[in-house]
Structures are given as structure tokens and as C-alpha cells.
Amino acid sequence: MTDIAVSIVIPTQRRPEALARAVRSSFAQTGVAPLQLELIVVDNDEAPSVRSLVESLAAEAPFAVHYVHEPRPGVANARNAGVAEVKGAFIAFLDDDEEAPSGWLAALLEVQSRFEADLVFGPVRARLPDSVVAHRAYLEHFFSRSDPAQAGLIDHYYGCGDSLVRRAALPDRSHPFADARNQTGGEDDLLFAEMRAKGARIAWAPDAWVWEHPTPDRIGLRYAILRAFVYGQGASTECANAVPPDRLGVAGWMVQGLAQAGIFGLVALLQWLFRAPRRAFALDRAARGLGKTFWWRPFQVRLYGLPASV
């Protein structure tokens, strides 16, 4: 029996059309033997709402497809449920609003092998509907991810979507993502920060890019700026959750964030008065600064794990 080399994990919550696109893109991967792959779809809905869809998609698959129902809401719960089921030496994470070109997985694996990396990340290219006109340049930038054109080791990390993780490098192979981040997100930041602190090698694979198709409810300035605020909270929260807590680090981020919010808030205000085309970029920087300053519980924003009625 052939050992599984890579387990592709796609968590999802009530996005059947997007999920079908992401799953089918995983089926089209080239340069990797199908017998060495498996796909795990984690349905993070109270009811098993995409079970029948996944079962029908499995009939098209060139490799094994496993359906996992995780009824407890929360992004960390969903990712942990997927990780607990994997059999591969590597875990490739693909979000349900992403679409991978055929060479995606092979490009991640090539860079991992070349640099003996524990974590590999690739670019994300936002694909917005033609109907999006207001702040289009900012929104395309916000939903995208880029870095140097050359592959190599890097000293920072990104989010789970479009990543490859060496399973043996996980600090906990069955429950690596923090439950405390179920509603706010950032569970991947905490994990990857811990792995980096323990000496994990992190690499960048410029050819391992994916499309991102933001859902209609997210394509807007309100959501993006709110998310920018949450991103800003990450650095301060990481220091606060360190063992022992890095209070000096928290204070430093808060002071930096206050200055950032003041400077870019003023820039954004002036640009808004004159209707500058790139005014949303300054507002984003101000929001991230506020997030660094106001990071504790009363200011935490719930982005995940919402019930179906919300």
C-alpha cells in the first residue's frame, strides 16, 4: 500500500459553490502521484450541510476524499478536526474560497524539499467581480498575498490558506490550533509563531500561488477595515500570550500602534476630504495601529463560528 505523502485539508462553512470550486481544483493537481494524496473536507456547520456535495465530488476524485463533520463552530475547531484525520507526512491547507492552479501542490513540495522547510507559503491573488469599483485597488491588495519573486527561506509567516506544513514539526499533531481563537481568528498565527520560536524553517514558494474569490459579504471597505483592525491585534496578542507573557513587547506594540493610528488616521482624513484614490490604504494602516493598541478581550472581534442565523 502506498504511503500518503500529502493530506490536503479544506475547512468550510456554508459555502457549497465555493467549496466545489476549491475541491475540484485539488483534483486537477499535476506533478504529484494521486496515490500519494488524500483530501479532507471539514464541514464546520451545525448540520452536515455539505455531506452530499462532498460525496458527489468524491466520485470525480483521483484520490481518496474524506468528509469530516465538526459541528462545534469555530475556525480552530475546524482546522483541528482536519489535522486529526490526516495520514500524510505533509498537510496542505487550502481555504474554501481559494482555487489552486494545477501546479500549486508540486510547487509547494519542491520548495519544501529544496530548503528542508517545516512551513511553506505561497502567493494569493484576489479575483474580484467586475461589479466591484469602489476601492477596487485596495480590496485586491487586501485579499492578496505577495513576497519576493525568488523562492527561499523567510523569517516571517502568513495565514493557513495556501500553506504546506510538515506534520512532524507540529507541537501537537492532533490539536495544534488554539481553541481561544475560534471566533476571532489568528489561530494559525499563534501556531506558526510557536513553531518559529522553536526553530522551524519557513520558506516562500512564489510559483505556488492560488486564486482567492472573496465572498460577496466580504467584498467591501467595512469588512476589510474591520479585518485590518483584527490583524493589528495579532502582534500585541502574541506577546501577551507568550509563556511567560512579554509585557515589554505588548507595551512596545501598543505605543507603536498608537503612533501609527494617529499618523495614518490624519492622513486618511485628509485624503478622504480630497477624495484621493488610495485613501483606503491609509485607513487600513490606521486600523491596524488601533488594533495593536486595543487588543484585549472587550475589543476582540468575532469573525468566525457564527450560527447560521447570523
Side-chain angles (χ1 to χ4, degrees), residues 4-29 34-100 105 159-165 167 170-188 190-191 210 212-218 302-310:
I4 299 297
V6 183
S7 301
I8 303 171
V9 175
I10 305 179
T12 189
Q13 187 185 53
R14 300 188 292 272
R15 294 179 183 172
E17 293 182 4
L19 174 64
R21 179 177 55 220
V23 167
R24 287 193 171 104
S25 76
S26 76
F27 294 166
Q29 295 304 300
L35 288 177
Q36 293 184 308
L37 304 178
E38 67 173 353
L39 171 65
I40 298 167
V41 177
V42 182
D43 185 358
N44 192 212
D45 199 358
E46 295 94 333
S49 57
V50 295
R51 182 192 296 272
S52 59
L53 171 63
V54 174
E55 289 174 349
S56 66
L57 289 170
E60 308 172 18
F63 43 75
V65 176
H66 307 286
Y67 170 85
V68 177
H69 181 218
E70 173 50 84
R72 297 173 302 164
V75 62
N77 286 337
R79 296 200 192 281
N80 284 331
V83 170
E85 295 294 321
V86 303
K87 300 180 182 67
F90 294 94
I91 307 170
F93 286 100
L94 188 69
D95 288 345
D96 65 355
D97 57 358
E98 293 177 336
E99 179 184 6
L105 188 56
C160 254
D162 190 7
S163 68
L164 184 74
V165 181
R167 185 154 65 113
L170 289 172
D172 184 332
R173 296 191 193 182
S174 62
H175 199 92
F177 296 99
D179 294 341
R181 294 300 184 90
N182 264 317
Q183 281 73 49
T184 61
E187 78 298 334
D188 41 6
L190 286 183
L191 171 61
V210 300
E212 174 151 345
H213 302 264
T215 55
D217 60 308
R218 294 185 173 189
R302 185 176 180 182
L303 294 172
Y304 300 95
L306 299 174
S309 59
V310 174

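The residues of the chain are indexed from 1 along the displayed sequence. Predicted model, so just to flag it, every value in this text is computed and none were measured.
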**Prompt:** Do Leu39 and Val23 pass the side-chain contact (heavy atoms from CB on, under 4.5 Å) test, and can you show the C-alpha distance, the side-chain angles, and the key distance before you say yes or no?
**Reply:** CA-CA 8 Å; Leu39 171 65; Val23 167; 3.7 Å; yes
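- A salt bridge (Lys or Arg N to Asp or Glu O under 4.0 Å) with Arg14 is found for one member of Asp217, Asp45, Asp97 and no other, namely Asp45.
- Nearest heavy-atom pair, Val9 versus Gly82, reported as atom, atom and distance to 0.1 Å: CG1-CA, 4.1 Å.
- When all heavy atoms are compared, the tightest approach of Leu53 to Pro16 is CD2-O, 3.4 Å.
- For the pair Asn44 (side chain) and Ala78 (backbone), a donor-acceptor distance under 3.5 Å is absent.
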**Item:** side-chain contact (heavy atoms from CB on, under 4.5 Å) assessment of Glu38 paired with Val86
**Value:** CA-CA 8 Å; Glu38 67 173 353; Val86 303; 4.2 Å; yes
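- Counting heavy atoms from C-beta outward, Leu37 and Leu105 have side chains that approach closer than 4.5 Å.
- Taking every heavy atom of both residues into account, Val65 and Ala58 meet most closely at CB-CB, 3.9 Å.
- Checking Asp43, Ile40, Leu57 one by one against Tyr67, the side chain to side chain contact (heavy atoms under 4.5 Å, CB included) holds for a single residue, Asp43.
- You'll find the side chain of Asp172 stays beyond 4.5 Å of the side chain of Val83, heavy atoms only.
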Name every donor-acceptor pair, under 3.5 Å, that has one atom in a side chain of residues 87-96 and the other anywhere in the protein, sequence neighbours excluded.
from: Asp96; atom 1: OD1; to: Arg15; atom 2: NH1; distance (Å): 2.7
from: Asp96; atom 1: OD2; to: Thr12; atom 2: OG1; distance (Å): 2.8

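- Expressed to the nearest 0.5 Å, how far OG of Ser7 lies from NE2 of His66 amounts to 7.5 Å.
- With values rounded to the nearest 0.5 angstrom, Ser174 atom OG is found 11.0 Å from Glu85 atom CD.
- The side-chain hydrogen bond (donor to acceptor under 3.5 Å, both in side chains) check on Arg218 picks up Tyr223, with sequence neighbours excluded.
- Of all heavy-atom pairs between Ile4 and Leu35, the closest is CD1-O, 3.8 Å.
- Pairing each heavy atom of Ser25 with each of Ala22, the nearest pair is OG-O, 2.7 Å.
- The side chain to side chain donor-acceptor pair (under 3.5 Å) pairs that include a residue from residues 68-79 are Glu70-Arg72, Asn77-Asn182, Arg79-Glu187, where partners are two or more places apart or lie in different chains.
- Checked options Glu212, Arg24, His213; the residue passing with Glu99 is His213 (criterion: side chain to side chain contact (heavy atoms under 4.5 Å, CB included)).
- The two residues Val42 and Ala81 make their nearest non-hydrogen contact at CG1-CB, 4.0 Å.
- In this structure, Asn80 contributes its side chain and Phe177 its backbone to a donor-acceptor pair below 3.5 Å.
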